[in-house]
Amino acid sequence: MELADKAVGFLLSYISLSIFTYYTFWVIILPFVNSDHFIHRYFLPQEYAILIPVFAGMVLLCFLCMFIGYVMLKSKKKKA
């Protein structure tokens, strides 16, 4: 089980680092590269650099509020 936990931890770390590197390159470095350069084919338009994190944050906030509401309702029923 310990080996599986380490593998999952490594995989999550690798995915997080990859997303961070991709996003950082996309937002910080790519605007300074000529628009006709081949590297632009691997990235979405700049508008999505704001829309994707905002949408993900809103979804996360909604799920967090639903979870807190569920826990509050469950604990209220338990007391009564």
Side-chain angles (χ1 to χ4, degrees):
M1 188 60 142
E2 184 178 317
L3 183 61
D5 290 342
K6 286 184 179 182
V8 169
F10 177 75
L11 182 66
L12 289 174
S13 297
Y14 179 75
I15 290 171
S16 298
L17 185 62
S18 299
I19 290 172
F20 176 75
T21 305
Y22 178 87
Y23 187 78
T24 301
F25 189 81
W26 181 25
V27 172
I28 296 175
I29 298 173
L30 201 63
F32 298 107
V33 178
N34 291 334
S35 60
D36 58 343
H37 198 272
F38 76 93
I39 197 77
H40 280 277
R41 288 185 289 164
Y42 301 108
F43 295 92
L44 292 171
Q46 286 293 114
E47 296 84 29
Y48 291 105
I50 300 298
L51 292 177
I52 292 173
V54 167
F55 179 74
M58 293 300 292
V59 169
L60 181 67
L61 187 63
C62 287
F63 279 121
L64 182 64
C65 290
M66 287 175 22
F67 175 74
I68 290 172
Y70 175 74
V71 169
M72 288 173 60
L73 287 174
K74 193 172 180 180
S75 68
K76 193 177 206 181
K77 289 180 183 177
K78 199 176 210 180
K79 287 183 181 178

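Reckoned from all heavy atoms, side chains included, excluding hydrogens, waters and symmetry mates.
- Under the 4.5 Å side-chain heavy-atom criterion for Ile, Leu, Val, Met, Phe, Trp and Tyr, I29 and I39 are members of the same hydrophobic cluster.
- Under the side-chain contact (heavy atoms from CB on, under 4.5 Å) criterion, P31 pairs with Q46, not counting sequence neighbours.
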Distance-only donor-acceptor hits, side chain of residues 13-21, under 3.5 Å, sequence neighbours excluded:
residue, atom, partner, partner atom, Å
S13, OG, G9, O, 2.9
S16, OG, L12, O, 2.9
S18, OG, Y14, O, 2.8
T21, OG1, L17, O, 2.8

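- The side-chain contact (heavy atoms from CB on, under 4.5 Å) search around F38 returns R41, Y42, not counting sequence neighbours.
- Between Y22 and F43, the ring center distance clears the sub-6.0 Å criterion.
- For the pair L30 and H40, the tightest heavy-atom approach, listed with the atom from each and the gap, is CG-CE1, 3.5 Å.
- Residue pairs meeting the salt bridge (charged side-chain N to carboxylate O under 4.0 Å, His left out) criterion with at least one member in residues 1-21, sequence neighbours excluded, are E2-K6.
- L60 and M58 sit in two unconnected hydrophobic clusters of ILVMFWY residues. Membership requires side-chain heavy atoms under 4.5 Å apart, directly or through other members.
- Under the 4.5 Å side-chain heavy-atom criterion for Ile, Leu, Val, Met, Phe, Trp and Tyr, M66 and F55 are members of the same hydrophobic cluster.
- Residues meeting the side-chain contact (heavy atoms from CB on, under 4.5 Å) test with F10, sequence neighbours left out: none.
- Using a 4.5 Å cut-off on side-chain heavy atoms (C-beta onward), Y23 and I52 make no contact.
- Each of I68 and Y70 belongs to its own hydrophobic cluster when Ile, Leu, Val, Met, Phe, Trp and Tyr are linked at side-chain heavy-atom distances under 4.5 angstrom.
- Shortest non-hydrogen contact noted between W26 and L44 is NE1-O, 2.9 Å.
- Taking a 6.0 Å sphere around CZ of F25, one finds it holds more than 12 heavy atoms contributed by other residues, nucleotides or ligands.
- Connection of L64 to M72 is established within a shared hydrophobic cluster, with ILVMFWY side chains joined at heavy-atom distances below 4.5 Å, either directly or through further cluster members.
- Scored by the side-chain contact (heavy atoms from CB on, under 4.5 Å) test, L73 finds no partners at all (sequence neighbours excluded).
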